[in-house]
Number of protein chains: 2
Amino acid sequence: MRAVRLDESEVGVGRVTLQTVADRVGVSRMTVSNAFSRPDQLSSALRDKVLKAAEELGYTGPDPSARALARGSTGSVGVLLSNSPAEAFTDEVAAAFFSSIAATLSPRGIALTLLSSEPSGDVMPARDVAMDGVIVYNCDPESGAREQVERRKLPLVLVDQPNTRGFSSVNVEDRSGARAAAQHVVDLGHSRVALIGKTGVPPFGIVESSSAKGQGYASTERLAGWIEVLTEAGIEPVILQEPIDSTAGGRGALKAILEVQPDTTAILAFSDAMAAGVLLDAHDAGISVPDQLSVVGFDDNPLATRLRPQLTTVRQDVTEKGRLAASMLVEAMADRRAGRPTEPRAVTLTTELVVRDSTAPPPRAGKPPEGAKRPQDGKRPRTRRPSARA
Amino acid sequence: MRAVRLDESEVGVGRVTLQTVADRVGVSRMTVSNAFSRPDQLSSALRDKVLKAAEELGYTGPDPSARALARGSTGSVGVLLSNSPAEAFTDEVAAAFFSSIAATLSPRGIALTLLSSEPSGDVMPARDVAMDGVIVYNCDPESGAREQVERRKLPLVLVDQPNTRGFSSVNVEDRSGARAAAQHVVDLGHSRVALIGKTGVPPFGIVESSSAKGQGYASTERLAGWIEVLTEAGIEPVILQEPIDSTAGGRGALKAILEVQPDTTAILAFSDAMAAGVLLDAHDAGISVPDQLSVVGFDDNPLATRLRPQLTTVRQDVTEKGRLAASMLVEAMADRRAGRPTEPRAVTLTTELVVRDSTAPPPRAGKPPEGAKRPQDGKRPRTRRPSARA
DNA sequence: TTGTACGCGTTATCAT
DNA sequence: ATGATAACGCGTACAA
């Protein structure tokens with residue numbers, strides 16, 4: 001009966017496979033495969049017989065790994081993260097993004113695999129885990145993982161990444177969002193401004209403007225946007241680089257800034273989470289926000305409206321970002337299956353300045369620095385869309 | 001040279017495999033495999049040569065699916081969720097749990113795959129996705145997915161699940177935690193109590209005590225714990241079943257409860273998230289918590305201390321729950337690889353009543369119902385550990 | 001180092 | 001229409 005398998009050991013011993021079931025029913029392996037995967041290829045009577053035999057033998061259905069090999073598809077897509085996958089759940093903004101991805105994929109029956117970009121021993125998830133496509137999120141382009149995953153030539157969508165080589169990507173107008181934030185404090189009349197950037201690599205702490213560059217696309221872009229506008233306004237900001245993007249990571253920033261520029265009146269932070277740390281520190285130090293200090297965050301984290309004062313920030317739509325990334329990837333995977341090339345798409349989502357209660361004119365108003373634009377008086381709308389130009 | 005492949009088509013056409021590289025270098029497929037996977041099995045000179053050829057050919061390394069089939073291991077573990085995977089990120093308590101799992105797995109080079117238990121078309125992730133082990137989280141035992149994954153005979157850890165068939169499990173003292181919550185309001189003198197349960201299946205809304213059973217282990221246990229204590233105290237609670245475990249899901253509950261029992265003075269909620277909805281509704285309705293209404297949640301969600309008043313709740317350690325589940329699974333997978341049987345372990349984590357500001361004696365105090373225990377006066381500690389007995 | 005025999009299904013192709 | 005045969009997918013383990 002059997003063509004290939006040599007052990008004729010009978011039922012009950014060892015693993016139950018298609019062949020075991022086929023032998024039991026007295027049909028070919030193919031017929032059993034069809035019974036499970038293409039019901040229309042055989043009579044329902046025979047199919048029932050096969051399924052019944054499978055049931056008796058405790059056969060669970062086609063082995064997913066074998067099927068993945070034979071079909072060339074695994075049923076799951078990966079998300080490659082530069083941070084620990086644990087942070088995907090911890091950070092509210094990231095969580096909303098991933099939640100949106102999961103919500104887009106699961107109705108399509110696609111599982112979501114979280115991949116660390118850190119190698120552990122000799123295994124590198126980005127290289128070694130089987131998947132049908134990858135969303136590369138906010139991942140250090142220098143990292144080996146990013147390169148590994150590119151080389152696998154899987155369908156790929158880059159998110160919050162510089163889009164170099166013609167991949168599909170979803171990005172956010174980080175730079176113009178940051179420009180809007182900076183312009184906002186300039187318009188309010190601030191001239192002593194500090195920036196809190198985010199970087200995974202040294203130098204940390206107060207850095208020279210020249211050596212300040214974020215690690216990762218978003219932090220690079222936001223820093224650039226802030227500095228452009230401030231420079232145009234004749235303001236040279238104090239720049240602090242922090243490694244941890246969280247409320248805890250933002251704590252201590254205020255003190256460090258005030259040490260080098262005691263009369264700072266406005267702080268622009270890489271994220272709302274970090275800004276929250278500043279707000280807490282300010283509160284503890286008896287510094288009133290926004291009366292004595294203005295603070296602007298980024299993201300429009302749900303946190304922003306829970307804080308007191310509510311945080312002025314730059315909104316990005318992470319839900320849409322996730323939905324787009326996932327659906328672009330799904331499309332690319334369909335193209336791949338159909339053997340047609342995927343037209344790379346590069347989408348950039350807008351950002352929007354959301355003015356809340358953490359910003360106000362500086363304490364000693366009326367003396368804006370040379371070159372600063374006058375604050376637009378009167379009823380400025382509480383929300384402004386920066387232009388899409390970077 | 002080749003034993004199996006029939007097409008002798010040359011380099012550059014089609015997929016690059018071990019064989020392609022082997023042909024290029026003039027060695028066997030095995031040698032190339034060794035070069036990648038067992039460097040010590042060949043001279044480093046030859047290895048370099050092989051790696052160089054692979055580089056030139058754009059060979060990325062062994063195909064993960066093929067390797068998974070050959071090795072019998074995929075490098076990722078699944079988490080099976082009854083809710084949409086999207087909620088894994090949305091719900092703060094679930095997110096902390098998954099974060100802890102991810103933090104435990106990723107240093108070991110293991111990826112985490114989120115699996116919906118809902119079938120979509122003909123694909124059922126629980127049956128069709130390749131993985132080395134599964135954490136079954138809070139999953140309806142009736143669900144096909146739960147059964148599917150059991151039948152695959154993968155290493156398994158059940159979390160927040162009734163532990164029936166000798167699987168390893170991590171559970172929480174839901175019942176005694178709920179008992180402590182109920183005892184707390186009884187001790188305070190409440191006699192008009194309402195419960196907000198969580199269930200995925202009808203009936204929803206106000207239900208009879210007899211027909212009230214949660215869907216899912218945690219909700220069943222919590223409900224049972226509340227009812228036990230209240231019954232002992234001679235109190236028959238109003239029971240409301242809600243389908244959505246979130247702040248939004250908790251909204252509307254207060255109104256529904258007050259319609260059937262206008263003089264309700266205490267509400268015990270399945271989760272802090274739902275309790276938050278009650279607090280918001282109470283605020284909107286001008287009902288003062290805890291003066292007019294006491295509210296107790298469950299979980300000790302970070303949310304609990306952000307609310308005003310801060311929420312009295314029952315703490316569970318979800319981080320430890322995640323760490324334990326992941327490490328037990330890792331152990332079981334190691335056993336499997338080593339061919340030794342796994343001794344199933346059933347761990348139950350303690351819960352702890354945390355008294356904050358959302359509970360107080362009922363407005364018209366001094367008239368506890370017959371059979372109710374007297375509140376313990378004086379300086380009761382703000383935190384009490386219920387006994388482990390259910 | 002290399003040959004050989006799988007791992008376990010799937011996608012043709014062929015036969016009845 | 002149904003079912004069987006053969007080759008294939010891409011590696012890995014183990015013996016030679």
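We use all heavy atoms of the structure for the numbers below, so side chains are in, but hydrogens, waters and symmetry mates are not. Residue numbers begin at 1 in each chain, while the letters A, B, ... track the order of the sequences.
For B:Asp63, the side-chain atoms get nearest to D:dG11 when compared with the rest of D:dG11, D:dG9, C:dG9. The nucleotide whose nearest atom lies closest to any side-chain atom of A:Thr17 is, among C:dC8, D:dG3, D:dA7, C:dC8. The listed nucleotides are D:dG3, C:dT10, C:dT1; the one nearest the side chain of B:Gln41 is C:dT1.
For the pair B:Leu18 CG and D:dG9 P, the computed distance is 13 Å after rounding to whole Å. The interatomic distance linking A:Asn34 (CG) with D:dT2 (C1') rounds to 9 Å, in whole Å. What separates CE of B:Met30 from C1' of D:dA15 is a distance of 11 Å, to the nearest Å. Rounded to an integer number of Å, the gap from B:Phe36 CZ to D:dC10 P is 15 Å. In this structure, CZ of A:Arg152 is placed 14 Å from P of D:dC10, rounded to the nearest angstrom. In this structure, the CZ atom of B:Arg47 is 16 Å from the C1' atom of C:dT1, given to the nearest Å. Protein atom CG of A:Asp128 is 13 Å distant from nucleotide atom C1' of D:dG11, rounded to whole Å. Atoms CG (B:Leu57) and C1' (D:dC10) sit 16 Å apart, rounded to a whole Å.
For the pair B:Gln161 (side chain) and B:Asn138 (backbone), a donor-acceptor distance under 3.5 Å is present. Checking side-chain atoms of A:Thr113 against main-chain N and O of B:Leu112 turns up no donor-acceptor pair under 3.5 Å. In this structure, the side chain of B:Ser100 engages the main chain of B:Arg323 through a donor-acceptor pair within 3.5 Å.
Under 4.0 angstrom from either OP1 or OP2 of C:dG9 there lies no side-chain N or O belonging to A:Ser65. Note on B:Ser33: every side-chain N or O is 4.0 Å or more away from OP1 and OP2 of D:dG11. For A:Arg38 and C:dT11, the shortest distance from a side-chain N or O to OP1 or OP2 is below 4.0 Å. Under 4.0 angstrom from either OP1 or OP2 of C:dC8 there lies no side-chain N or O belonging to A:Tyr59. Distances shorter than 4.0 Å separate none of the side-chain N or O atoms of A:Arg71 from OP1 or OP2 on C:dG9. Contact annotation: A:Ser37 side-chain N/O to C:dT10 OP1/OP2 distance is under 4.0 Å.
Within 4.0 Å (heavy atoms only), B:Ser43 reaches sugar-phosphate atoms of the nucleic acid but no base atom. Base engagement by B:Leu69 is indicated by at least one non-hydrogen atom pair under 4.0 Å involving a base atom. Here A:Thr31 lies in heavy-atom contact (under 4.0 Å) with sugar-phosphate atoms only.
In terms of position on DNA chain C, the residue among B:Leu46 and B:Ala66 whose nearest nucleotide sits closer to the 5' end is B:Leu46.
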Item to check | Candidate pair B:Arg67 and B:Ser37, rule side-chain hydrogen bond (donor to acceptor under 3.5 Å, both in side chains), full reasoning | outcome: CA-CA 10 Å; B:Arg67 179 181 258 183; B:Ser37 303; 2.6 Å; yes
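Side-chain atoms of B:Arg29 and base atoms of D:dG11 include a donor and an acceptor less than 3.5 Å apart. Applying the 3.5 Å distance criterion, the base of D:dG9 shares no donor-acceptor pair with the side chain of B:Arg15.
In this structure, A:Tyr59 and A:Phe36 have perpendicular ring planes: the angle between them is above 60°, well past the 30° mark.
Annotation for A:Asp122: atom CG does not count as buried by contact number, only 12 or fewer foreign heavy atoms lying within 6.0 Å.
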